[in-house]
Number of protein chains: 2
Amino acid sequence: MRRLPLYHRFLKTWAESGRLSVSCTDIGAELGLDPTQVRKDLETARIGGRPRIGYVLPEVIDALESFLGWKNVSEAFLVGAGSMGSALIGYRKFEQCGLKIVAAFDADPAKIDSRIHGTQVLPIDRLADLAARMHVLIGIITVPDSQAQTVADVMIAGGIRAIWNFAPVRLRVPDGVIVHNEDLYISLASLSQKLAKAIHLGGRPPANARRRPGRPERTVIHAMP
Amino acid sequence: MRRLPLYHRFLKTWAESGRLSVSCTDIGAELGLDPTQVRKDLETARIGGRPRIGYVLPEVIDALESFLGWKNVSEAFLVGAGSMGSALIGYRKFEQCGLKIVAAFDADPAKIDSRIHGTQVLPIDRLADLAARMHVLIGIITVPDSQAQTVADVMIAGGIRAIWNFAPVRLRVPDGVIVHNEDLYISLASLSQKLAKAIHLGGRPPANARRRPGRPERTVIHAMP
DNA sequence: TAGATTGTTAATCGATTAACAATC
DNA sequence: TAGATTGTTAATCGATTAACAATC
């Protein structure tokens, strides 16, 4: 599920280093995870291995990409050509993960018809019509808080089914529309709380603390089901 | 824990609308959560209410801010004055959540001594020394993948204890250093998988789908413990 | 064959949810 | 008082971890 992209990334570098197969133990050691858990995860992606050998690299990488839906690229519209929007448009590797931002939209007339990293900026009132005609299903919101709900409504009117929301706002959407919140404030809160706890408890870090190549930090990203 | 910032945000708007108290039922209804869970969450922040009345708004907001550590602001250094870095520097509301980005660093000579949203850009080789002298404990990494580990090492050398990492790379750090990964690729993978599943199962959304003011989408952010 | 590794079933753990008494 | 709401304890659920047989 959420760990699969991590596996994929590691397996790519593992493959580049010339290996032909990989075991759950290898993956677990690298990512600081239990090998059994890795096996379970691969199982949910319907990926099987061979006892004693492990998983054949090209096979497992390919299967992961299929399962993650990275084989066919979905087109997305982005609304809000500010600094965050521009940054996302610049993340060209999204395409390798099945997402292509095909157009940006903004309310600011000064930005209309300009290009950001080669992607054209269009007026927001063309969004709904274009989304419907092009069958775009994914929308990315990088506008100020106050406009996020309005933009979401327009997206939904255009038939968009999944919204990646970078505004710190709870969007109200009909059933069947997926909202994925990228809430940096929540993320920040979790970081600073962990830091506060660490400082409160441990004080200074161990003086002889060293990087340990064999044991990376326990992979933490964030959570909220 | 991770839902508390959400409660805080809602309670602020609730207070602005003139109310003096709030019940777990109110919060749960707004955020699509079980009232019992809300109560449990507030309990972990050592916030109590009164039967029949609920929680007194100024009290609970204040207690949340204290618990989240938003009362005293931590200073942070950001490395990588690209588009993502600039976007983060522009998120001025971080200060209300206890984080102030006091300086940016970059390897590009062209960017040195420029200002981004008023924040000065310094050469990266001054980071370790400055961090140590200013007792900066938080570092934000927005550099390309290939440089992330190097930057992390410099930060740690300067005494930084918590790293907010926007590069899709597993950083290797000593014990006692906190790494918080903001991995947009993982987030994207989860979004597109949910979309794929929804389309596969449901096909089109219900034709009469409407926004429902009383029931927002189930609050989902992402996960990985 | 022996040993590493997968596959699978059971045990543990934590978080969520339910139930209900206590209280204003 | 009656009723809404908190506080708290127990039940459920899902995810993680452990144990062990199957297999190459």
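Heavy atoms only: backbone and side chains are in, while hydrogens, waters and symmetry mates are out.
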Next on the checklist: How many whole angstroms separate atom CD of E43(B) from atom C1' of dT16(C)?
Outcome noted: 14 Å

Checklist entry - Can we say D153(A) and R172(A) salt-bridge, meaning some charged N sits less than 4.0 Å from an Asp/Glu carboxylate O? => result no

Checklist entry - Any salt bridge between D62(A) and K71(A), counting N to O under 4.0 Å? => result yes

Item to check | Residues within residues 21-28 of chain B bordering DNA chain D, heavy-atom distance below 4.0 Å | outcome: S23(B), C24(B)

Checklist outcome for this item: Rounded to whole Å, CZ of R52(B) lies from C1' of dC24(C) at a distance of 8 Å

Checklist entry - Taking atom P of dT17(C) as reference, at what distance in whole Å does atom CG of L33(B) sit? => result 8 Å

Checklist outcome for this item: For D26(A), the salt bridge (Lys or Arg N to Asp or Glu O under 4.0 Å) test, sequence neighbours excluded, returns none

Next on the checklist: A quick test of your reading: do over 12 heavy atoms of other residues, nucleotides or ligands sit less than 6.0 Å from CZ of R92(B)?
Outcome noted: yes

Next on the checklist: Is the shortest side-chain heavy-atom distance between L137(A) and I199(B) below 4.5 Å?
Outcome noted: yes

Checklist outcome for this item: From CZ of R46(A) across to C1' of dT6(C) the rounded distance in Å is 19 Å

Item to check | Whole-Å distance separating the CE atom of M1(A) from the C1' atom of dA15(D) | outcome: 8 Å

Checklist entry - Side chain of P51(A): nearest nucleotide among dT17(D), dG7(D), dT6(C)? => result dT6(C)

Next on the checklist: Would you say R3(B) places a side-chain N or O within less than 4.0 Å of OP1 or OP2 belonging to dT16(C)?
Outcome noted: yes

Checklist entry - Side-chain donor-acceptor pair under 3.5 Å between S86(A) and H117(A), yes or no? => result no

Checklist entry - To the nearest Å, how far apart are R50(B) CZ and dT6(D) P? => result 12 Å

Checklist entry - Do F94(A) and W164(A) have their ring centres less than 6.0 Å from each other? => result yes

Item to check | Phosphate OP1/OP2 of dC24(C) contacted by Y55(B) side-chain N/O (<4.0 Å) | outcome: no

Checklist entry - Distance check: side-chain N/O of R39(A) vs OP1/OP2 of dT6(C), anything under 4.0 Å? => result yes

Item to check | Length of the CD1-P vector between I47(A) and dG7(C), whole Å | outcome: 11 Å

Checklist entry - Does any non-hydrogen side-chain atom of D183(A) lie less than 4.5 Å from one of R9(B)? => result yes

Item to check | Spacing of L42(A) atom CG relative to dT6(C) atom C1', expressed in whole Å | outcome: 11 Å

Checklist entry - Under 3.5 Å, is there an N or O donor on one side and an acceptor on the other linking the side chain of K40(B) and the base of dT8(D)? => result no

Item to check | Watson-Crick and G-U pairing of DNA chain C written in dot-bracket, each distance under 3.5 angstrom, with | for inter-strand partners | outcome: ..||||||||||||||||||||||

Checklist entry - For the side chain to side chain donor-acceptor pair (under 3.5 Å) test, which of Q96(B), R3(B), E65(B) pairs with H8(B)? => result E65(B)

